[in-house]
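Single-structure report; data block below.
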Amino acid sequence: MLTERQKLILGAIIYEYTQTAHAVGSKSLQEQLDIKVSSATIRNEMAALEAAALIKKLHTSAGRVPSRAGYRYYLDNLMSARSATQQDIALVMQSFRGNFHEIDDLLDESARTLSELTAATVLILKPKRLNITVSGFRLVPLENQQLIAVLVTNDGKVTSQTFKLPRELAESSLEGMTNYINDQMTGRPVLEVLKMMQSDELPTQMSRVIQTPAAFLQLFGDVLARSIGDKVHIGGRLNVLDFGEDSLSTKAVKRLLEFLTSAPDIRRVATTSQQRVTIKIAKEIDEPLLKPFSLITRAFTVPNQGEGVIALLGPIRMTYARNVLLMDAFGEALSQKMIEYT
């Protein structure tokens, strides 16, 4: 149990270390604290904090820096972080005034903007259960037996893929296939169409209008699957390389950057709690690659669709209160903005 004076001193050490990255001494604390106490008294209190493992001494300095436990105590007991107000959210919404044709464009821009504001690496995942439906489909013939399949979904996303025309698929039948998809599948959820393909339902239906549906279904299924693929929207990807206390090997850097692009891995570590901001430090993060960092997460909700997640990966020495406020504001703003795409 810390005394009020010890709490003030711990908070002051964390604040100064965050601002300067230098170990904090008793003289500096005496100058910034509002209470009138001697340097000797402050040193005694710092000794008590060190005995409680909340601060530690660096070998290169006579001052002290916060320990991992000290940061956790600060976050749980001392940090003053307010929730985002409507004015905060409105300021974020102003940055969304661009013409975003796709949800992916909106999330890419959100990750980039939040990364610039925090100097951290920002990772955003859209709701996994987003109800994406087919809006249109085209097959565009190219030279050398190549064609492009283009799928448009209701979120404005355009997914295209180039294929080599299968031998058993006549070029003259492309128009009939395209018309069939647009007549029968427009407005259907992509997941529903994929399930129809896995059963006999869609192949049986198409066999009535197309002589060789199997080759086309393979092509169409590949484009459908890509249209709803889980993707990590990243801002400030390389910022993370500046955060660790120790330099990373080339192999470790490669593994870390690959991890940041893996949607299943990010969903696993970026746990959220009822649209509240969650902060994990070092070993609290369920991933060895992320032990040198802090991870702040916040969910955003799309009505009837599920939850997306914003994750901010940064140094343990960061301005937590400011970043928590920004995360809360962006979470609320995205919840409101995503309604336009449902």
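Bear in mind the structure is a predicted one, so any value in this text is a computation, not a measurement. Scope of the values below: all heavy atoms of this structure, side chains included, with no hydrogens, waters or symmetry mates.
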Measuring from atom CD of Glu4 to atom CG of Leu8, what distance do you get when rounded to the nearest 0.5 angstrom? 7.0 Å

Donor-acceptor contacts under 3.5 Å from residues 288-297 side chains, at least two apart:
| from | atom 1 | to | atom 2 | distance (Å) |
| --- | --- | --- | --- | --- |
| Lys291 | NZ | Lys283 | O | 3.2 |
| Lys291 | NZ | Ile285 | O | 2.5 |
| Ser294 | OG | Tyr320 | OH | 2.6 |
| Thr297 | OG1 | Thr271 | O | 2.8 |

Are Ile103 and Lys157 close enough that some pair of their side-chain heavy atoms sits under 4.5 Å apart? no

Side-chain heavy atoms nearer than 4.5 Å, only ILVMFWY residues, links allowed to pass through others: does that put Leu191 and Ile132 together? yes

Rounding to 0.5 Å, atoms OG1 (Thr278) and CE (Met327) come to a distance of 9.0 Å

Ion pair present between Lys126 and Asp104, side-chain N to carboxylate O less than 4.0 angstrom? yes

Would you say the side chain of Arg226 lies within less than 4.5 Å of the side chain of Leu151, judging by non-hydrogen atoms? no

Distance-only polar pair, side chains of Asp88 and Thr85, donor-acceptor under 3.5 Å: yes

A quick test of your reading: do over 12 heavy atoms of other residues, nucleotides or ligands sit less than 6.0 Å from NZ of Lys231? yes

For Arg267, is the CZ atom crowded, meaning more than 12 foreign heavy atoms sit under 6.0 Å from it? yes

Basic-acidic side-chain contact under 4.0 Å: Glu16, Arg64: no

Do Leu91 and Phe300 share a hydrophobic cluster, counting only Ile, Leu, Val, Met, Phe, Trp and Tyr and linking them when any side-chain heavy atoms are less than 4.5 Å apart? no

Give the minimum heavy-atom separation between Tyr71 and Pro66, together with the two atoms involved. CE1-CB, 3.7 Å

Closer than 3.5 angstrom, by distance alone: can the side chain of Ser227 be matched with the main-chain N or O of Leu224 as a donor-acceptor pair? yes

Once rounded to the nearest 0.5 Å, what's the spacing between atom CE of Met185 and atom CZ of Phe220? 7.0 Å

Transitively linked via ILVMFWY side-chain contacts under 4.5 Å: Leu325 with Met93? no

Specify the closest pair of heavy atoms between Asn239 and Ser115, including all atoms of both residues, with the distance to one decimal. ND2-OG, 3.4 Å

Mind checking what makes salt bridge (charged side-chain N to carboxylate O under 4.0 Å, His left out) contact with Asp105, not counting sequence neighbours? none

Would you call Met46 and Ile55 a side-chain contact if the rule is heavy atoms closer than 4.5 Å? yes

Could you measure the distance from the CG atom of Leu257 to the OG atom of Ser262? Nearest 0.5 Å is fine. 13.0 Å

For the residue pair Val92 and Leu334, establish whether any side-chain heavy-atom pair is separated by less than 4.5 Å. no

Which is it for Met1 and Gln6 under the side-chain contact (heavy atoms from CB on, under 4.5 Å) test, yes or no, and what are the steps along the way? CA-CA 10 Å; Met1 188 73 175; Gln6 289 168 349; over 6 Å; no

Sub-3.5 Å donor-acceptor pair from the side chain of Ser335 to the main-chain atoms of Thr301, do we have one? yes

Is the shortest heavy-atom distance from the side chain of Ile124 to the side chain of Leu114 under 4.5 Å? no

Stepwise, does the side-chain contact (heavy atoms from CB on, under 4.5 Å) test hold for Leu260 with Val232? CA-CA 8 Å; Leu260 296 180; Val232 182; over 6 Å; no

Closest contact, heavy atoms only, Phe243 versus Ala120: CZ-CA, 3.7 Å

Starting from the C-alpha separation in whole Å, work towards a yes-or-no answer on side-chain contact (heavy atoms from CB on, under 4.5 Å) for Leu312 and Met318. CA-CA 11 Å; Leu312 186 149; Met318 72 160 71; 3.9 Å; yes

On a heavy-atom basis, the closest approach of Ala299 and Glu307 is CB-OE1, 3.7 Å

Compare every heavy atom of Ala270 with every heavy atom of Ala311, then report the nearest pair and how far apart it is. CB-CB, 4.1 Å

With sequence neighbours excluded, tell me which residues meet side chain to side chain contact (heavy atoms under 4.5 Å, CB included) with Val152. Ser135, Val158

Got a salt bridge between Arg112 and Glu109, using NZ or NE/NH1/NH2 to carboxylate O under 4.0 Å? yes

May I ask you to decide whether Arg268 forms a salt bridge with Glu287, counting only side-chain N to carboxylate O separations under 4.0 Å? yes

For a 4.5 angstrom cut-off between non-hydrogen side-chain atoms, does Ile228 reach Leu194? yes

Which of Thr159, Val190, Thr133 passes side-chain contact (heavy atoms from CB on, under 4.5 Å) with Thr153? It is Val190

What distance do Leu29 atom CG and Glu45 atom CD have between them, rounded to the nearest 0.5 Å? 11.0 Å

Are Pro127 and Met338 side-chain neighbours, meaning at least one heavy-atom pair lies under 4.5 Å? yes

With a 3.5 Å distance limit and no angle check, can you tell me whether Asp328 reaches the backbone of Val324 through a side-chain donor-acceptor pair? no

Are Met79 and Tyr15 connected into the same hydrophobic cluster when the rule is that any two of I, L, V, M, F, W, Y join if their side-chain heavy atoms are below 4.5 Å apart? no

Minimum side-chain heavy-atom gap Arg298-Val277 below 4.5 Å: yes

Quick one: does Asn182's side chain have a donor or acceptor within less than 3.5 Å of a partner on Gly136's backbone? no

Can you see which heavy atom on Ser39 is nearest to which on Gln30, and at what distance? OG-OE1, 2.9 Å

Please check if the side chain of Ser67 supplies one atom and the backbone of Leu54 the other of a donor-acceptor pair under 3.5 Å. yes

CD of Gln94: more than 12 outside heavy atoms within 6.0 angstrom? yes

Strictly below 4.0 Å, N to O, side chains only: are Glu258 and Arg255 in salt-bridge contact? no

Looking at Arg237, I'd like to know if its CZ atom is crowded, meaning that more than 12 non-hydrogen atoms belonging to other residues, nucleotides or ligands lie closer than 6.0 Å. no

Mind checking the CG-OG spacing from Leu33 to Ser26? Nearest 0.5 Å is all I need. 10.5 Å

Passes salt bridge (Lys or Arg N to Asp or Glu O under 4.0 Å), Glu50 versus Arg43? Steps please. CA-CA 10 Å; Glu50 188 171 3; Arg43 285 195 295 271; over 6 Å; no

Go through Arg317 and Tyr17 one step at a time and tell me if the side-chain contact (heavy atoms from CB on, under 4.5 Å) criterion holds. CA-CA 8 Å; Arg317 184 184 65 85; Tyr17 182 61; 3.4 Å; yes

